*Asks:* 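Just passing along the structure, written as C-alpha cells.
Just so it is clear: chains get the letters A, B, ... in the order the sequence lines come, proteins before strands, and each one is counted from 1. What you see is a predicted model, and the numbers here were worked out from it, not measured in a lab.
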There are 2 protein chains.
Amino acid sequence: MENYKIPKKSVERLSIYKRILKGIMDAGFTTVSSRELAERAGLNSAQVRKDLVYFGQFGTPGMGYHVSILHRTITKIMGLHKKIPVALIGVGNLGQALLSYQGFKERGFIIESIFDNDREKVGKIKNGLKIMDERNISIEIKKKNIRVGIITIPSSAAQSAANKLIKGGIKGILNFAPIELKVPSRTTVVNVALCEKLEMLSYYLSKRKLL
Amino acid sequence: MENYKIPKKSVERLSIYKRILKGIMDAGFTTVSSRELAERAGLNSAQVRKDLVYFGQFGTPGMGYHVSILHRTITKIMGLHKKIPVALIGVGNLGQALLSYQGFKERGFIIESIFDNDREKVGKIKNGLKIMDERNISIEIKKKNIRVGIITIPSSAAQSAANKLIKGGIKGILNFAPIELKVPSRTTVVNVALCEKLEMLSYYLSKRKLL
C-alpha cells in the first residue's frame with residue numbers, strides 16, 4: 001500500500017464522510033459545508049477540505065459541497081458502486097458475526113463462499129451457504145472469481161489459509177488474525193486488530209491514571 | 001486523545017512490538033535488534049527506534065534491545081500488567097464472539113458484566129455470566145467499579161448505551177457501532193470500524209483496477 005500517495009488516514013476518513021453524507025442525504029439536505037461535515041466527523045474543517053481535494057472535490061465558497069454528488073464520487077472512488085464477492089475463512093463466533101452483519105451487504109460486499117477446517121462444521125449450512133472444507137479454498141475462489149477474502153481463524157492457521165487464497169487468485173485480504181501475513185506485493189492486506197484497539201484504550205486510560 | 005504528544009500510530013505499534021517480543025521471548029532469545037523487530041513488524045528500523053525512544057527505550061549499539069525488559073516496559077506503559085474489568089453491551093453475534101475471545105482475557109481484559117436490551121436474552125447465561133437488562137448499566141458498573149465498556153449494539157442504540165456507561169463512571173469505551181459517540185472529554189473512545197476496513201481494502205483494489 002506504500003505505493004499510494006494519498007495518506008492512509010485520508011482513505012480511512014472517506015468511509016466516515018460517506019456515512020455522514022448518506023445521513024444528510026436521507027434527511028433531505030442537498031448541500032453541506034466543510035464545517036458541518038467536520039463537526040459531524042469530529043475533525044476540523046481544514047482537514048476535511050484537504051482530504052476531499054485529494055479526491056478532486058472542491059466545495060463552492062458559501063455553498064459547500066453538493067451532498068449526493070460528493071456521496072456518489074466517494075462511493076465510486078472506493079469501488080463501492082459494484083457488488084464484490086467475498087470468501088470468508090473461519091465460521092467460528094467472529095465469522096458468524098460477520099456473516100450476519102448487514103453492514104457488509106449494504107456496502108456491496110457479498111459473502112459467497114465460506115470455509116472452515118473443522119470437520120464437524122464442513123457441509124453444514126450457515127446463512128444459506130454451505131460450509132466448505134478449507135482445503136478447497138483455491139479451487140473454489142478461482143471458480144467463482146472471488147477477489148476478496150476475510151480471515152477470522154486463529155493465528156496458527158491464518159498464514160496457511162492466506163496462501164490458499166493467494167493461490168486461488170485473491171487480490172485483497174481483510175485479516176482478523178493477530179499476525180502479519182506474508183503475501184506477495186500484488187496482494188493487499190488490511191488488518192483488523194481487535195486486541196490492539198483494546199490495548200490502545202488501556203494505554204490512554206493508564207496514562208491518565210484511570211486504571 | 002488530542003492531548004497526548006505521542007502519535008496514535010506509535011501507540012498502535014506498541015501492541016505489535018509487544019506481540020513480536022512475546023514470540024521472541026518464548027523462542028528463548030534474550031536480545032533483539034531494531035532491524036529484526038522492524039522486519040517482523042513490516043516496518044523500517046528507523047521507525048522502530050523512533051517509536052521506542054518515545055517510551056524511554058534505547059537499544060545498546062551492536063546488542064539491540066533486551067527482549068524481556070522491553071516487553072515488560074511496554075506492558076506496563078500500556079497498563080496491561082493489571083486485570084481490567086470490562087462491561088460488554090450487546091450479546092449478539094459480535095458480542096458473543098468477543099465474549100469467547102481468548103485474546104482479551106490473555107491481555108487482562110476480563111468481561112465481568114454483560115448487557116442486552118432484548119427481553120428474550122435478559123436473564124440467560126452466556127460464558128458463565130448472566131445477561132443483564134441494559135437499563136441497569138449505570139448501577140451495575142458503578143457497583144463493580146468497571147472502567148471500560150465495549151459497545152457492540154447497532155448505531156441506533158449505541159449513544160443511549162454510551163450515556164448509561166458514562167453515568168456509571170466509565171472511563172473508556174471500545175465502540176464497534178459505526179457512529180461517532182458524543183462523550184465528555186474525560187471519556188476516551190476507541191472506534192473499531194469493521195466496514196471502514198473493508199471499504200479501505202475496496203479502495204486500494206479499485207485503485208489498482210482489481211475489482
*Asks:* For the atom pair OG1 (A:Thr188) and NZ (B:Lys207), what is the distance rounded to the nearest 0.5 Å?
*Replies:*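 Between A:Thr188 OG1 and B:Lys207 NZ, I get 11.5 Å after rounding to 0.5 Å.
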*Asks:* May I ask you to check whether over 12 heavy atoms, not counting those of B:Lys182, lie within 6.0 Å of atom NZ?
*Replies:*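 No, because the 6.0 Å sphere around NZ of B:Lys182 holds 12 heavy atoms or fewer from other groups.
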*Asks:* So for A:Ile84, is it side chain, backbone, both, or neither that comes closer than 4.5 Å to the heavy atoms of chain B?
*Replies:*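 Looking at A:Ile84, just its side chain touches chain B.
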*Asks:* Quick one: what part of A:Ser100 sits under 4.5 Å from any heavy atom of chain B, side chain, backbone, both or neither?
*Replies:*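 Contact with chain B involves the side chain of A:Ser100 alone.
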*Asks:* Among B:Leu99, B:Leu174, B:Val192, B:Ile173, which residue has the highest count of heavy-atom pairs closer than 4.5 Å to chain A?
*Replies:*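 Going by pairs under 4.5 Å, I would pick B:Leu174.
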*Asks:* Using a cut-off of under 4.5 Å on heavy-atom pairs, state which of B:Phe109, B:Tyr101, B:Phe176 scores highest against chain A.
*Replies:*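 Option with the top pair count is B:Phe109.
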*Asks:* Does any backbone or side-chain atom of A:Ser15 lie under 4.5 Å from a heavy atom of chain B? Answer side chain, backbone, both or neither.
*Replies:*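 Contact with chain B involves both backbone and side-chain atoms of A:Ser15.
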*Asks:* Pick one of side chain, backbone, both or neither for A:Thr187, based on which atoms fall under 4.5 Å of a heavy atom in chain B.
*Replies:*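 Contact with chain B involves the backbone of A:Thr187 alone.
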*Asks:* Flag the one option from A:Gly92, A:Gly23, A:Pro178, A:Ala41 with the top tally of heavy-atom pairs under 4.5 Å to chain B.
*Replies:*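 Result: the option with the highest number of such pairs is A:Pro178.
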*Asks:* B:Glu199 and A:Leu80: side chain to side chain contact (heavy atoms under 4.5 Å, CB included), yes or no, with the steps?
*Replies:* CA-CA 7 Å; B:Glu199 292 190 346; A:Leu80 296 168; 3.7 Å; yes
*Asks:* If you tally heavy-atom pairs under 4.5 Å against chain B, which of A:Val11, A:Ile20, A:Leu94 wins?
*Replies:*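 Greatest number of close heavy-atom pairs with chain B: A:Val11.
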*Asks:* With a 4.5 angstrom heavy-atom cut-off, is it the side chain or the backbone of A:Lys197 that approaches chain B, or both, or neither?
*Replies:*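 Contact with chain B is through both the backbone and side chain of A:Lys197.
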*Asks:* Could A:Glu196 and B:Arg107 be called an ion pair, given the rule that one side-chain N must be under 4.0 Å from one carboxylate O?
*Replies:*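 So A:Glu196 does not pair with B:Arg107 through a salt bridge.
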*Asks:* Are B:Glu180 and A:Arg19 close enough for a salt bridge, meaning some N to O gap below 4.0 Å?
*Replies:*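 Looking at A:Arg19 together with B:Glu180, the answer is yes, because their closest N to O distance falls below 4.0 Å.
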*Asks:* At their closest point, which heavy atom of B:Gly79 faces which heavy atom of A:Ser206, and how far apart are they?
*Replies:*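 Shortest heavy-atom contact: CA-OG, 3.4 Å.
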*Asks:* A quick test of your reading: do over 12 heavy atoms of other residues, nucleotides or ligands sit less than 6.0 Å from NZ of A:Lys167?
*Replies:*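 No, NZ of A:Lys167 has 12 or fewer neighbouring heavy atoms, counting only those of other groups under 6.0 Å.
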*Asks:* So which residue, B:Leu198, B:Val148, B:Asn93, ends up with the most heavy-atom pairs under 4.5 Å with chain A?
*Replies:*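 Most pairs with chain A among the choices: B:Leu198.
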*Asks:* Does atom NZ of B:Lys121 have more than 12 heavy-atom neighbours, drawn from other residues, nucleotides or ligands, at distances under 6.0 Å?
*Replies:*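 Yes, enclosed.
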*Asks:* Can you tell which of B:Arg40, B:Arg186, B:Lys76, B:Glu106 has the highest number of heavy-atom pairs within less than 4.5 Å of chain A?
*Replies:*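 Option with the top pair count is B:Arg186.
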*Asks:* Please answer whether the main-chain N or O of A:Met78 pairs with a side-chain N or O of B:Ser202 as donor and acceptor at a distance below 3.5 Å.
*Replies:*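 Side chain of B:Ser202 to backbone of A:Met78, a donor-acceptor pair under 3.5 Å: yes, one is there.
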*Asks:* Given side chains that start at C-beta, do those of A:Leu98 and B:Leu194 come closer than 4.5 Å, heavy atoms only?
*Replies:*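 Counting from C-beta outward, A:Leu98 and B:Leu194 do come under 4.5 Å.
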